[in-house]
Q: 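One structure is given below, represented as C-alpha cells, and several questions about it will come after.
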There are 2 protein chains.
Amino acid sequence: MSDTRGYHHGDLRRTLLTAAVQAIEESGPAALSLRDLARRAGVSHAAPAHHFGDRAGLFTAIAAQGFDTLADTLTGAGDELLDLGVAYVRFAVGHRAHFEVMFHPDLYRTDDAELRAARERSGAVLRAGLAHRSGRPTPAADGPQGDVLAAWSIVHGFATLWLAGALPAGLGEDPGDAARSVIRHLFTPAPGTD
Amino acid sequence: MSDTRGYHHGDLRRTLLTAAVQAIEESGPAALSLRDLARRAGVSHAAPAHHFGDRAGLFTAIAAQGFDTLADTLTGAGDELLDLGVAYVRFAVGHRAHFEVMFHPDLYRTDDAELRAARERSGAVLRAGLAHRSGRPTPAADGPQGDVLAAWSIVHGFATLWLAGALPAGLGEDPGDAARSVIRHLFTPAPGTD
DNA sequence: CACCGTATCTTGTCGTTGACAAGATACGGT
DNA sequence: ACCGTATCTTGTCAACGACAAGATACGGTG
C-alpha cells in the first residue's frame, strides 16, 4: 500500500503529500510552505527536501498524482459525451489542489518522467473519450480536432471560472449539475430546446 | 497623465506597476518580489510598500488595471459574437500577467473598491456583448443565461489552456486565429460544415 | 521669502522561508 | 555482527515580507 516502507517516520512521503494537498486547498499553492508541512507532520524542517528535493519537486509529485487521478476518473465516467465533461468538472472542483497545480507548469518540472507519463495518459483518455463519444470519425477541416478542443475548452473554462469564484450566483451548490446545463449548449444549434 | 505627480522619484507607482507586470510575464505571479521590484526601479526596498501597502495591494492594483483594460478591449471588439470571443482570448494572451492575476483572487483583495468597480464593468461589457450578439432575447430555461456562460467558458478555457501550454502543437502562432476555429464549434449542430 | 504640514522615500530590524551542508539514526542485506 | 545506505536532524545563510522610525522634498500659507 505504501511505496516507501516504514522507516523512521513510517510513511513520510505520503503524509507530506496529503498534508500538502490539504494545505493548498486551504490557502492555495503560493502559500504552501515546506517548513509548515514539516511541522504538520511532526518532523524537522529539512525532512521534506529529502523526498522531493525542493518546492518544485513537491509540486511535480502533486501534479503527477493529479493527472493519474484524472485519468482514472475520466476512464470511469459514463458513456455520454456530457458525462465526460461533467466528470472533468467534478474532478477539478473535488480535487482543486491537484487541478490548480496541474495547470500551472511554472510550479513544477515539466520534464519529470513520472509526470510526463501521467499527463500523457490523462490526455489520451480525454481525447479518446471526447473523439469517440462525439460520434464523429474524422475531424473537421478547421485544424486538428477543433471539436475536441472546443469540448475541452468549455469544461476547463467552466471549472476554472467556478474555482476562481468568477461565476455569478444562482448556479446552485453542485458544480456538476451546473456544468451539465452549460455544456449542453455545445453542439446545439440555436435556442435551448433539449 | 499621472495620478501621483512628480515627487522624489517622479512616477514611482506607475513605474512599479509596469515593472511588476513585466516581472510576472517573465516568471509568474508567485515569483514576484517587492524587493526585486524596488531594485529594478532603483529605489529602496521599502518604497513599494508605501504605494501598495503589501504584496496583496500590488496584485489588487494589477487586477483592477487588468479588468479595466479588458473592458476597453471588449468594448472595441467587432460586431460578431465570434469577434468578441477572439478579443477575449487575445487579451488573455497579450496581457497574460494581468489575466493570471485577475483570476486568482487569493492573490489580491476582492473587497477593494476600485477593483470591484473595474471587475463589474468588464463583467457587464462581457455579458451585454454576449447576450446581445447571440441574437437570443430571452435566456433558455436551464439556469441563468446558460448560453452566455457557455460562451464565456469556452473562450476562458481556451485562453487558460493556451497560457498553460497544455494545448497540443499544430495550432499555429496566433492564438486569436486558433481560438476562432475552436469557438466556431459553439452553437454548431454536428459536423464542421460552415 | 520663511515656515509648516504632509506625502514620499530611506534605513534598520525581526521573524519566516527555501536551500544547502554535514552529521546522526535506523533499516536491510551479507 | 557488520556495513552500506536511505532516512531524518541540526545548523547555517541569503532573501523576503512586514513593520517602525527617521530623513527628504514638495505644496500651500502667511
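In what follows, every chain begins at residue 1, and chains take the letters A, B, ... in the order their sequences are listed. Keep in mind that the numbers below use all heavy atoms, side chains included, and drop hydrogens, waters and symmetry copies.
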Q: Check each residue of residues 104-112 of chain A for a non-hydrogen atom within less than 4.0 Å of any atom in DNA chain C, then write out the ones that pass by number, or none.
A: none
Q: Suppose the criterion is salt bridge (charged side-chain N to carboxylate O under 4.0 Å, His left out): which pairs have a residue in residues 154-166 of chain B, not counting sequence neighbours?
A: none
Q: Please produce a list of atom pairs where a protein N or O lies less than 3.5 Å from an N or O of nucleotides 14-16 of chain D.
A:
from	atom 1	to	atom 2	distance (Å)
dC16(D)	OP1	S33(B)	OG	3.4
dC16(D)	OP1	R39(B)	NH2	3.3
dC16(D)	OP2	R39(B)	NH1	3.4
dC16(D)	OP2	R39(B)	NH2	3.1

Q: Give, ordered by number, those residues of residues 15-31 of chain A having at least one heavy-atom distance below 4.0 Å to an atom of DNA chain D; if nothing qualifies, reply none.
A: none
Q: Going by the side-chain hydrogen bond (donor to acceptor under 3.5 Å, both in side chains) test, which pairs reach into residues 52-62 of chain B, not counting sequence neighbours?
A: D54(B)-R109(B)
Q: Of all residues at least two apart in sequence or in a different chain, which pass the side chain to side chain donor-acceptor pair (under 3.5 Å) check with D72(A)?
A: R121(A)
Q: List for me each residue that meets side chain to side chain donor-acceptor pair (under 3.5 Å) alongside R96(A), sequence neighbours excluded, and say none if there are none.
A: E100(A)
Q: List in chain and number order the residues that pass side chain to side chain donor-acceptor pair (under 3.5 Å) with D36(B), two or more places apart in sequence or in another chain; answer none if no residue qualifies.
A: R40(B)
Q: Among residues at least two apart in sequence or on other chains, which ones pass side chain to side chain donor-acceptor pair (under 3.5 Å) with H95(B)?
A: none
Q: May I have all residue pairs that pass salt bridge (charged side-chain N to carboxylate O under 4.0 Å, His left out) and include part of residues 153-175 of chain A, sequence neighbours excluded?
A: R90(A)-D174(A)
Q: Which string of ( ) [ ] | and . matches DNA chain C, if you list each base 5' to 3' and count Watson-Crick or G-U pairs only when both distances are under 3.5 Å?
A: ||||||||||||||||||||||||||||||
Q: Using the side-chain hydrogen bond (donor to acceptor under 3.5 Å, both in side chains) rule, collect all pairs that involve residues 159-171 of chain B, keeping only residues at least two apart or in two chains.
A: none
